[in-house]
Each structure stands twice: as structure tokens, then as C-alpha cells.
Amino acid sequence: MTELHVRGPSRSFSTFRALLLQHRSQLQISGLAAFLSSSPPLCSRTLGQVSDLVCGILGLLLHDASVDAAPEISEGLSLLQHRGQDACGIVTCGPKGRFFQCKANGMVRDVLDEKAVAKLIGGMGVGHVRYPTAGSLDHAEAQPFYVNSPYGIVFAHNGNLIDSPPLLQYMDATAHRHINTSSDSELLLNLFANNLQKTGKFRINEDDIFTAIGGLMTQCTGAYACVAMLAGFGIIAFRDPNGIRPVGMASRRTNAGRDYLFASESIVADALGFSEWEDVKSGEAVIITRSGVSRKRVAAHATFAPDIFEFVYFARPDSVLDGISVYRSRMAMGDALAVEVDKVLKERGIIVDVVIPVPDTSRVAALNLAQKLNLPYREGFIKNRYVGRTFIMPGQQMRRKNVRRKLNAMALEFSGKNVLLVDDSIVRGTTSEEIIQMAKDVGAKKVIVASCAPPIRHSNVYGIDMPSRTELVAYGRNTEEIAEAIGADLVVFQTLPDLIASVRQFNPSISTFDCSVFTGEYVTGGVSEEYLHRLESLRADNVKNKVAMNPREGQSAGRVNGFHTQVNMVASGNGADDTVGLHNTWNIS
Ligand SMILES: O=P(O)(O)OC[C@H]1O[C@H](OP(=O)(O)OP(=O)(O)O)[C@H](O)[C@@H]1O
Ligand SMILES: NC(=O)CC[C@H](N)C(=O)O
Ligand SMILES: [Mg+2]
């Protein structure tokens, strides 16, 4: 068993730091913690924003603790950038178990530049890329999160909890832990911390950690793939009992010994030279220290139901999730959709001249579809490679503007033709509406749209930003009405059985996928109509925009500003002052 060496509380002020060095082995309540715990009770406070996004998580432990992990974590995060474009961060653990952090709103290349990464000392660390919406753009909600007690924990989360309000109440009334942001990830971290605290031990071991995570899995509901780091001890990953969001692990032999990696997607392992990729199983926790790996199923049995939307849109095609190649599954989606398209076109007597993908994600499927239908495949839309994913941008106005900035229609591929545009999914209809207009503007005769996913009519509550049903173009509309809403001559959707078969054929041991955005059936339970209404009232685009513009609604505008139970270091690349170190204090910019 590896033992955790319990340290005294971290404090940011230099005087506190001197104290810390003197009393490293003493557990005591810091003055600030006492101050924070005396802050007004939170019973009346509701979670202003329930985060429901998709992110990327990463943990790295190098066997040689004298080599810094941050450069590779940063590189790994850039490979997960497609999962979150709004904020990112890294925390490393260096000598004497001290944490070093850099996190801020922005893309990996901007926040985690060379200068910032060079300051992150230590051979293990955790990283995160975040995909919030306008209402959650506060720097304070960038991850990883940190709590100093017990033992010093750093935490990164992908997913969304659906029971945040009662958990917040529990934190306040029972655990007496202060939650300072509207992030469900901060709640999750504090649940974990509180369960570890209950051991009351000076030193804890793997069993204590498994017990704490097993307890957490009975205490909260929702989707969570998490990576944590305990100061001076190791890195930990766990996945919710339904395994809705992905996380896996891999290792790499070096002269010094074995290095270990946790990541949302296998592409990170490939690119960083790690092998033996293995998914963390649903309800499982994995602990990695320099002495080795311990894994345990800590949750009671539940249906394994990975989110099918990872295969449709989120994951990179070159990743393998739960034993399924995303690339192969998208090829299969194209094949299956071809059959449906062929049927509908024949029924309507429409002849298609050319198949055109909507870059980027639909390319793989569109090529297969074209081959199957024996139609020419043409790249009619040229993508500006410097514009990221539009769907995960905050706010409808920004998304709309960016479709036009991102894609340009080449007249020579459209003019006078019946074109079949293939996209992976139609969510709000922003992309389709814009590109159909663009296609018509450059002379397309008829525009038919085929979607690799069925109509999306339900909220996503497990980590994808589709909280409001009324924002979904398919909500309350049949196929003809959807076509009319986006300006298409015809829309053809993949059927749900075909979508499931396209993915499942590569791993038939998976019997269920989370398909809630298509069916409205939520595998965790606990998603009532009342919950959905509340989510919609908090998270609809118009509400989020309002909240984002008003700092008094719980959002600090611009730079780090407010109380935080974690460090906020603004990277030099942002043009802001550097703040270095891990603080249990407030940061005022
Ligand atoms: O109906 P909507 O609300 O517009 O959402 C669906 C579109 O958004 C995504 O593209 P995105 O530009 O985000 O990423 P991509 O480049 O990976 O295709 C997705 O691939 C669809 O094209
Ligand atoms: N995209 C995610 O998975 C986000 C995780 C978490 N709910 C947050 O808001 O930060
Ligand atoms: Mg797209």
C-alpha cells in the first residue's frame, strides 16, 4: 500500500507559507478557512448556473519526479481542444508536495504558452479544457479545482451532475464546506474531499480513496469522468456508474520506470508515445502512484451507457472510445445513412448531382455515403482552419457569425446542381440554416441535407450544452417542418436503430448507449419535467447571455476577481499580470 503523507494546509501569503513549512505535518484550520466557513449560510442560495458541458481531462505521472510533466500535459490538452475551447488549466505537483497552477479563459495555445508552462514544476499533474456557455464564463470556474483540506486535492471533471442543489445544501448544512462557484465540479471535488476527511487519518491508503470515491458515487447523480491528484501521492481517475463520459489510461516505459497517463481520449496516448490504452470502466476508480497501479470497481452495478454523441460529434475520429474506433463508427454512419437517403430520394424522385460534407466532423461519414450511392464527393465548403468548432461557442449570435467566418461555399461546386449536404448532426440548426443559404447564394438548384444523427428533440443533461429544448430546431417539428425552418428542400435523418448499430457493431458487448437527446430517456433517472424546466430557465441562451453581461448575477467580468478556494493564475499570454502559486485566498484584478 502506498501511504499518503498528510501535510498541513497550504496558504498563499508568504507569512502563511513560512508557517506551512514549520507545520507540514499538522492538520489545522487555516485562518482563511475559518473565515470562509463563517461566511453567511448558503441555504437560500441556488446554483446560479448548472454547468452542463463537455470538457477534456488529463492526468500524467512521470516515474522520474525530477522531470516536469507540464509540457506534455499542455501538448495533451491541445489534442483535446476540440472538447472545450473556452478555458483551460494545468496544476502540477512539485517538490514537497507543492502545487503549481496556471488556468484562465482561453485556448490552450494562448493560456498555456511556453512561459506559463515553464513555471509549472513537478513530475505529475492534471489538466483540463473547458466548454462552458456564456453564463459560466467566469475564470473562477476554469479547472482544475483545488482544495487544501484534506491532504491537498486537485480535481478535473468532464460531465454534469443533475442533483447540484441538494448537494449544495448538503455541503452547507452537513459537511460545512464552502462552495464558492456555481460549478458542479467544485461540488464533486468537495464531496470527494469530505469523504476523505471522514477517515480522520493522518495517512491514508488506496483503500481509503476507493471508499471515498465509492461513497461519492452513492451521493451524487449524473455524468462524471474525473481525474484527481493528491499532493505528494499520485493521480486518480474515476468514471460514473453508467460510464456516460469517457476516460482511459495508458503507460509508457522509460529508462527511469513507467509513466502513466489518464485522458478523455486515446489520441493523447498515441501522440505522447503511450501505449496499452485501456478505458476506465464505469463505476471504477484507478489510483496511480510511483509504486504502481490499483484499480477497483467502487460502484454497485448499473447499466453501462456511454454517450453516443461522443461518436457522432465530440470525439476526434482518430480516438478509440470503449473499444470503438470513432472513425470506423462514422464510416458506418455514412453507410447506413446512404440507404435511408437512397430510399427517400427515390420516393421523391430527386436526382442528386453531388455530395458535399459540412466540415469538419461529417467528412468521414459523407465520403462513405457518397461512395455507397456512387455519387461524386466534393469539398464545396472550404474551412478557415483558424476558426474552431462553432457548436461549442457560447451564444447563438457568436455561433451564427462564426459559421460564415468558418465556411466558404465555392460556386463551382454548387452552381446549377442538386446538392446533398451531409452533416453529423443538426442541433440548433445554426449551421444548416447558414450553409443552405450560402449554397443557394452561389447558385445551388436544390439543397438536400442528410444528418448522421436522428432529430435532437431533448435536452442533454450529461455534459453537452443543449439544455433548452426550445432552442433545438427539431423540437416540436416534424421532418418537413425542420426542412422549412432551415430552408432546405429536403432533410433526411438517420434512424436511431441505424445510428446505434453503426457504433455498436464495433463492440457488441455494449448493450446500451445514452441516447437521451433523441429519446428523452435518461439512464441515471432523476431527470423530471420539473428539473428540465428549471434547467431551461437557468440555461437557455437568452438567460445565459443576460447573466454573462451582469457581473452581479454571479459572474465576475473579465479577469479573476472574487473569492476562490483555488489558485487563479492568469497566463502571461493573456496580457495580464502573472499570479503564481496556489492560494486559498481571494484574487483581485
Ligand atoms: O445545428 P447546429 O446547432 O449548428 O449544430 C450542429 C453543427 O455543429 C457542429 O459543427 P462545429 O462547427 O461545432 O464543429 P466541426 O467543425 O467539428 O464540424 C456539428 O458538426 C454540426 O455541423
Ligand atoms: N464540459 C464539462 O464537462 C464541464 C464540466 C463541469 N460541469 C463544468 O462546468 O466545468
Ligand atoms: Mg460541424
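In listed order, ligands and their atoms are each counted from 1.
Here is the list of ligand 1 atoms found below 4.0 Å of a heavy atom in I426: 1 (O). Taking every heavy atom of S425 and a limit of under 4.0 angstrom, the matching atoms of ligand 1 come to 6 (C), 21 (C). Residue Q143 approaches ligand 2 through these ligand atoms, each under 4.0 Å from one of its heavy atoms: 5 (C), 6 (C), 8 (C), 10 (O). Atoms of ligand 1 lying under 4.0 Å from any heavy atom of K406, numbered from 1 in the order shown and given with element: 11 (P), 12 (O), 14 (O), 15 (P), 16 (O).
A salt bridge between K406 and D360 is absent, with no side-chain N of the basic residue lying under 4.0 Å from a carboxylate O of the acidic one. One finds no salt bridge joining D424 and R330 here, because no Lys/Arg side-chain nitrogen approaches an Asp/Glu carboxylate oxygen to under 4.0 Å. Taking 4.0 Å as the cut-off between side-chain N and carboxylate O, R130 and E141 count as a salt-bridged pair. Salt-bridge annotation for R428 and E433: absent, with no side-chain N of the basic residue lying under 4.0 Å from a carboxylate O of the acidic one.
With a heavy-atom cut-off of 4.0 Å, D184 touches ligand 2 through its side chain alone. The proximity of R245 to ligand 2, defined as any non-hydrogen pair under 4.0 Å, does not occur for either the backbone or the side chain. Contacts between P359 and ligand 1, counted as non-hydrogen atom pairs separated by less than 4.0 Å, involve the backbone only. Here R83 has no heavy atoms under 4.0 Å from ligand 2, in either its backbone or its side chain. Residue contacts with ligand 2, taken as heavy atom pairs separated by less than 4.0 Å, involve S185 solely via side-chain atoms from C-beta onward.
Using a 4.0 angstrom heavy-atom cutoff, G429 counts as in contact with ligand 1. Distances shorter than 4.0 angstrom do not occur between any heavy atom of E433 and any atom of ligand 1. A heavy-atom separation below 4.0 Å is not found between G84 and ligand 2.
Checked by distance only, ligand 1 and D424 come closer than 3.5 Å through their nitrogen or oxygen atoms. Backbone and side-chain nitrogen or oxygen atoms of R130 are examined, and one is located within less than 3.5 angstrom of a nitrogen or oxygen of ligand 2. For the pair Y313 and ligand 1, the shortest N or O to N or O distance falls below 3.5 Å. Between V427 and ligand 1, a contact under 3.5 Å exists for at least one N or O pair.
In this structure, Y131 and F314 have tilted ring planes: the angle between them lies in the 30° to 60° band. Note: F155 and F238 have tilted aromatic rings, judged against thresholds of 30 and 60 degrees for the angle between ring planes. In this structure, F513 and F311 have perpendicular ring planes: the angle between them is above 60°, well past the 30° mark.
Taking all heavy atoms of V403, D423, L407, D360 into account, the minimum distance to atom 21 (C) of ligand 1 is reached by D423.
The side-chain contact (heavy atoms from CB on, under 4.5 Å) search around S74 returns I90, V108, L112, V117, not counting sequence neighbours. Here N195 pairs with K198, Q219 under the side-chain hydrogen bond (donor to acceptor under 3.5 Å, both in side chains) rule; sequence neighbours left out.
Y462 has its side chain out of reach of D240: every pair of non-hydrogen atoms, C-beta onward, lies at least 4.5 Å apart.
Atom OH of Y327 has 12 or fewer heavy atoms from other residues, nucleotides or ligands within 6.0 Å.
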